[in-house]
Every structure is written in structure tokens, then in C-alpha cells.
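Worksheet for the structure shown next.
Nothing here was measured: the structure is a model prediction, and the numbers come from that model. Along the sequence shown, residues are numbered consecutively beginning with 1.
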Amino acid sequence: MCIRDRYQRRVHGIQDINRMLSITFKQLSCRSSNIFGRMFSSIKVPLPNLEVYKLDKNMFPTVAETNREELINYYKQMTLQRRIEITCDEIYKMKEVRGFCHLMDGQEGVSVGIEAGITKQDHLITAYRCHGYLIGRGDTPERLIAEMMGRLTGCSKGKGGSMHMTLLKNRFYGGNGIVGAQVPIGTGIAFGIKYDGKPEVCVSLYGDGAANQGQIAEAANMAKLWNLPVIYICENNLYAMGTCVARSSANTKFYTRLDPIPGVKIDGQNIFAVRETMKKAREWCISGKGPMCLEILTYRYHGHSMSDAGLSYRTRDEIMKVRKERDPIEILKKIILDNKAGTEDELKSIEKENRSLVEEATVKARGAPWPTPENDLMKDIYCCPDPNPFIRNVEYDKSIFPQQYQQRYQQCLSLIHISEPTRPLYISYAVFCLKKKKKGCQK
């Protein structure tokens with residue numbers, strides 16, 4: 001073969017390789033553009049109808065825009081919150097949880113939707129059905145479950161339990177056990193925001209059962225007088241502690257009951273209805289127009305608390321119908337699948353991942369230490385705690401005394417030889433003498 005033939009073959013070979021690479025790059029480019037397009041292309045979601053009070057209905061959108069990234073993120077958050085509540089139900093029944101437990105499975109569209117409509121600079125306070133809000137504000141499943149179990153690594157150091165979960169660094173103030181008491185506190189937070197001139201809002205949530213509390217009307221009156229940046233939200237899950245709203249409230253249009261504060265009623269099972277309304281409410285408050293009241297219609301699958309089966313005031317068929325037709329996660333799942341933003345296998349993988357995450361968090365929480373009376377009982381009570389506190393025990397001679405009195409107290413014990421029933425009285429007197437530094441206390 002001559003040199004010219006060899007050269008031509010090499011040229012043809014190089015041309016073939018270039019053509020192959022060109023086709024491959026085109027395929028990769030097309031595929032990557034499809035992936036990028038799926039990730040960030042806009043998806044339009046029609047919103048359910050809403051009702052307004054002293055507001056222009058046209059200020060609220062009828063369509064929400066989203067994309068694959070947002071949809072998948074919302075699905076991860078909602079299924080994580082659902083899995084946490086299922087786990088809390090299990091560990092409560094295993095007697096690993098003390099005290100009350102109020103679960104919010106069925107209401108994930110509300111908790112995730114609210115967070116999607118505000119910023120992390122905003123403030124949030126709620127009642128005792130608070131687990132989802134803690135996760136939404138940025139805490140971890142491990143700290144939540146540890147708090148349920150009363151462990152030191154919990155979000156409230158094991159002293160709050162299910163009802164009193166807080167994350168102050170992320171502006172979440174609980175988790176409050178007294179019905180309706182969080183609303184005046186939220187109003188005070190909003191007063192502080194306005195006083196400091198910050199572009200923030202406080203979201204103050206309460207339930208349909210708490211809506212009849214007088215302190216809510218008093219707080220709302222002050223908020224409107226001063227046009228405070230607070231969004232009052234009534235989570236209407238229809239049954240309060242166990243009574244249908246029609247039997248307990250003369251006016252069941254909760255979004256009108258803080259008059260003259262304007263209000264709006266929305267479907268809380270649709271995350272986008274919640275998100276878009278929250279955005280508008282936030283804009284309203286920050287613009288200086290004062291508070292707004294939202295009634296978010298939702299549904300809880302569990303009873304009011306774990307001691308309530310939830311079937312004495314509603315039927316099992318009703319619960320199953322809501323699960324089938326109005327479940328917030330299923331509504332979101334349908335939006336994802338209909339718009340080809342994800343596949344069934346992909347969504348199942350997310351659920352499986354969340355399940356493993358919560359199971360691992362539960363194991364870690366079980367192994368966490370308990371708070372101790374000596375080191376933790378008196379912490380977080382006073383802003384300027386006494387370094388040497390006196391802690392009265394049930395049995396006085398087992399009380400914890402300030403260090404400067406410990407030695408002389410032990411001397412008193414060694415000198416007192418009296419019968420057990422009257423011994424605490426003499427010890428009390430001895431310690432009293434020590435504190436007052438009276439003469440003759442050693443006698």
C-alpha cells in the first residue's frame with residue numbers, strides 16, 4: 001500500500017470518528033436539555049376556589065406556577081412529616097413517650113404550604129399540634145423524636161415533650177399547651193417586628209376549637225389598632241377536641257370572625273392554595289396594611305390526642321373518604337405524575353428514603369441520655385440563674401442546698417438524733433438558722 005492510500009484511510013477514519021462524536025454530543029446535549037427542561041420548566045397548577053371577606057378576590061391568583069424541583073422538594077417534606085407522625089404513633093403505643101401526643105398527619109399541606117409562602121426570616125408560633133412546623137423550620141427528625149422520648153438531645157432538652165417543641169434560632173416559638181394562648185404571644189412578636197421596622201411577619205396559628213377564646217379577639221383588636229404585621233391562621237380541621245364546629249360555634253366562617261381584619265378561606269389540602277395565599281398575606285402585612293386572617297380547611301386522621309380514637313364524633317367511612325379523595329400528599333402526587341415531573345418509582349424511592357431516615361433517627365433517639373435532676377432540672381427557668389440554688393425535694397433531707405451551707409448542714413444531720421417522723425422539722429429549722437446566721441445554730 002502506497003503512502004497516499006494510507007494517508008487517505010487515516011483521513012477517512014478521523015472523519016468517521018468526528019461524525020460519531022458529533023452524533024454522541026448531540027444526543028447528550030438533547031438529553032441534558034430535556035433533563036434541564038424538566039427540572040426548571042414552568043408547570044401551571046389550577047388553584048381551588050376561595051372565599052374572601054373585606055378583600056378583593058382578584059388579588060389572589062387562580063393558577064400557581066411551579067417546576068419539577070419544587071414539586072419533588074414538597075413531596076420529600078410532606079412524606080417526611082407523614083412518616084414522622086406514623087413513627088410517633090408507634091413509639092407512643094410502645095410506651096416510649098410520656099405525656100400527651102397530638103399528631104397532625106393529614107395536615108401536611110398546611111405546614112409545608114405555609115413555609116413555602118414565607119421566608120426563614122419570618123416568625124411562627126402555633127398550638128400543640130406542632131411536629132410538622134418544627135421540621136419545616138429546619139429541625140431534624142432525630143431531635144424531634146428524642147424530645148418525644150424525653151431525652152436530653154431533644155429540641156427542648158427533653159423537658160417539653162410533644163406539645164412544647166421550639167427552635168428559637170429559626171424563629172419558631174412552639175408548641176404551646178394552653179388553648180389559644182399563643183395568639184397574644186404572636187401578636188406581641190408582631191409588635192416587636194413593627195417596633196424594629198423590619199420587613200418580617202409573624203404567623204400565629206390556632207385551631208377551630210380555640211377560635212372561641214376571648215384572648216384571640218383581644219389580641220386581634222390590638223393588632224388591627226396598631227396595624228401589626230401578623231397573619232392569624234385558623235387551622236379548621238372541623239372537630240376541635242371532638243365536637244363538630246357546627247355544634248360549638250355560632251359563626252363557622254372563621255375567616256370573618258376577627259372583623260374588621262380582612263380574611264380569606266382556602267383549601268388546606270392543596271399545598272399550592274396555601275402557598276399562594278400565604279405569599280399574598282405576607283405582602284399585605286409588610287406593606288403596612290395590618291393583619292390578615294386565614295381560615296385553612298384541613299383534616300386530621302388521628303383523634304385529637306392519642307387518648308382519643310376519633311370515632312365517637314365521626315365515622316370511619318368519613319375518614320377513609322378524606323384519605324381517598326382529599327389527602328394532601330395524594331393531591332401533590334397526582335400533580336407530579338400528570339405533569340410528568342416524576343415517576344411512580346421515583347416517588348416510592350423518596351418515601352423509602354424518608355422511612356430509613358426516620359428509623360435511623362429513632363434508633364439514635366433511643367440511645368440518647370436522659371436529663372438529670374442535678375444538672376438539668378433548674379436550667380432554662382430563670383434568665384439569670386442562681387449558680388448555687390436551693391432545690392426542695394419531697395423528702396427535705398434529700399434536698400439540694402447551696403454549696404456554702406452543705407458542710408454545716410451535714411454537721412446538723414450528725415448532731416440530730418431524733419425519730420424519723422419529726423426529723424424533717426428539726427432539719428428545716430437547722431437550715432433556717434444557717435441561712436439567717438443565727439447564733440446557737442450548732443446547738
Side-chain angles (χ1 to χ4, degrees), residues 54-55 59-61 64 70 73-74 77 109-127 129-139 155-156 164-176 180-207 210 215-216 218-235 255 258 260-264 266 268 271-296 383:
K54 293 190 174 182
L55 288 169
M59 69 178 281
F60 297 97
E70 280 186 349
N73 182 44
Y74 294 156
Q77 292 180 49
V110 182
S111 55
V112 179
I114 288 173
E115 281 294 339
I118 60 176
T119 73
K120 294 301 181 186
Q121 297 305 309
D122 295 318
H123 308 250
L124 193 146
I125 187 168
T126 187
R129 206 176 301 279
C130 60
H131 301 170
Y133 295 106
L134 180 75
I135 296 298
R137 286 272 96 180
D139 218 330
C155 59
S156 297
H164 303 100
M165 296 185 172
T166 59
L167 190 63
L168 295 182
K169 68 176 183 178
N170 289 7
R171 306 185 175 192
F172 177 58
Y173 308 95
N176 292 266
Q182 71 278 4
V183 177
I185 298 173
T187 305
I189 294 168
F191 177 82
I193 293 169
K194 183 166 184 176
Y195 188 86
D196 292 335
K198 295 179 179 178
E200 302 164 359
V201 299
C202 180
V203 179
S204 186
L205 296 112
Y206 58 96
Q215 57 188 326
I216 293 177
E218 294 174 16
N221 178 64
M222 296 174 73
K224 183 56 183 174
L225 281 172
W226 297 331
N227 277 338
L228 301 182
V230 55
I231 304 173
Y232 294 117
I233 297 181
C234 176
E235 289 180 284
Y255 64 104
L258 300 186
I261 294 174
V264 56
I266 60 173
I271 182 176
F272 293 103
V274 180
R275 186 188 77 174
E276 296 304 310
T277 308
M278 286 299 300
K279 286 180 179 179
K280 290 297 179 181
R282 186 177 187 275
E283 290 174 9
W284 176 277
C285 292
I286 287 179
S287 66
K289 295 178 181 177
M292 185 182 288
C293 177
L294 274 60
E295 178 187 344
I296 302 183
C383 61

Rounded at 0.5 Å granularity, tell me how far [atom1] in [X] sits from [atom2] in [Y].
X: Y232; Y: L294; atom1: OH; atom2: CG; result: 13.0 Å
X: I261; Y: L228; atom1: CD1; atom2: CG; result: 9.0 Å
X: M165; Y: C130; atom1: CE; atom2: SG; result: 6.0 Å
X: Y133; Y: F172; atom1: OH; atom2: CZ; result: 9.0 Å

For the residue pair [X] and [Y], what are the closest heavy atoms and their distance?
X: P291; Y: C285; value: CA-SG, 4.3 Å
X: R171; Y: R137; value: O-NH1, 3.9 Å
X: G186; Y: C202; value: O-SG, 3.5 Å
X: A116; Y: K279; value: O-CE, 4.2 Å
X: V230; Y: S204; value: CG2-CB, 4.2 Å
X: G263; Y: L55; value: O-CD1, 3.4 Å

Less than 4.5 Å apart, any side-chain heavy atom of [X] and any of [Y]?
X: N227; Y: K224; answer: yes
X: P229; Y: K198; answer: no
X: V274; Y: V112; answer: no
X: N170; Y: L124; answer: no
X: E70; Y: R275; answer: yes
X: F60; Y: I266; answer: no
X: E218; Y: P184; answer: no
X: M278; Y: I231; answer: yes

**Prompt:** Yes or no on side-chain contact (heavy atoms from CB on, under 4.5 Å) for M292 and R282, after CA distance, side-chain angles and deciding distance?
**Reply:** CA-CA 9 Å; M292 185 182 288; R282 186 177 187 275; over 6 Å; no

**Message:** Per the salt bridge (Lys or Arg N to Asp or Glu O under 4.0 Å) rule, what does the pair list look like for residues 183-196, sequence neighbours excluded?
**Reply:** none

**Message:** So, using side-chain contact (heavy atoms from CB on, under 4.5 Å) as the criterion, who are the partners of N176 when residues are at least two apart?
**Reply:** I125, Q182, I185

**Request:** Would you please name every residue forming a side-chain hydrogen bond (donor to acceptor under 3.5 Å, both in side chains) with K169, sequence neighbours left out?
**Result:** none

**Item:** Test: R129 and E235 ion pair at under 4.0 Å
**Value:** no

**Request:** Report the C-alpha distance between F191 and M222 in whole Å, list the side-chain angles of each, state the deciding distance to 0.1 Å, and finish with yes or no for side-chain contact (heavy atoms from CB on, under 4.5 Å).
**Result:** CA-CA 10 Å; F191 177 82; M222 296 174 73; over 6 Å; no

When you measure from the side chain of [X] to the backbone N and O of [Y], does any donor-acceptor pair fall under 3.5 Å?
X: S111; Y: G132; value: no
X: T119; Y: Q121; value: yes
X: D139; Y: L134; value: no

**Asked** Parallel under 30°, tilted from 30 to 60°, perpendicular over 60°: which one fits the rings of H123 and Y173?
**Response** parallel

**Request:** Take T277 and I296 through the side-chain contact (heavy atoms from CB on, under 4.5 Å) test and state the conclusion after the steps.
**Result:** CA-CA 10 Å; T277 308; I296 302 183; over 6 Å; no

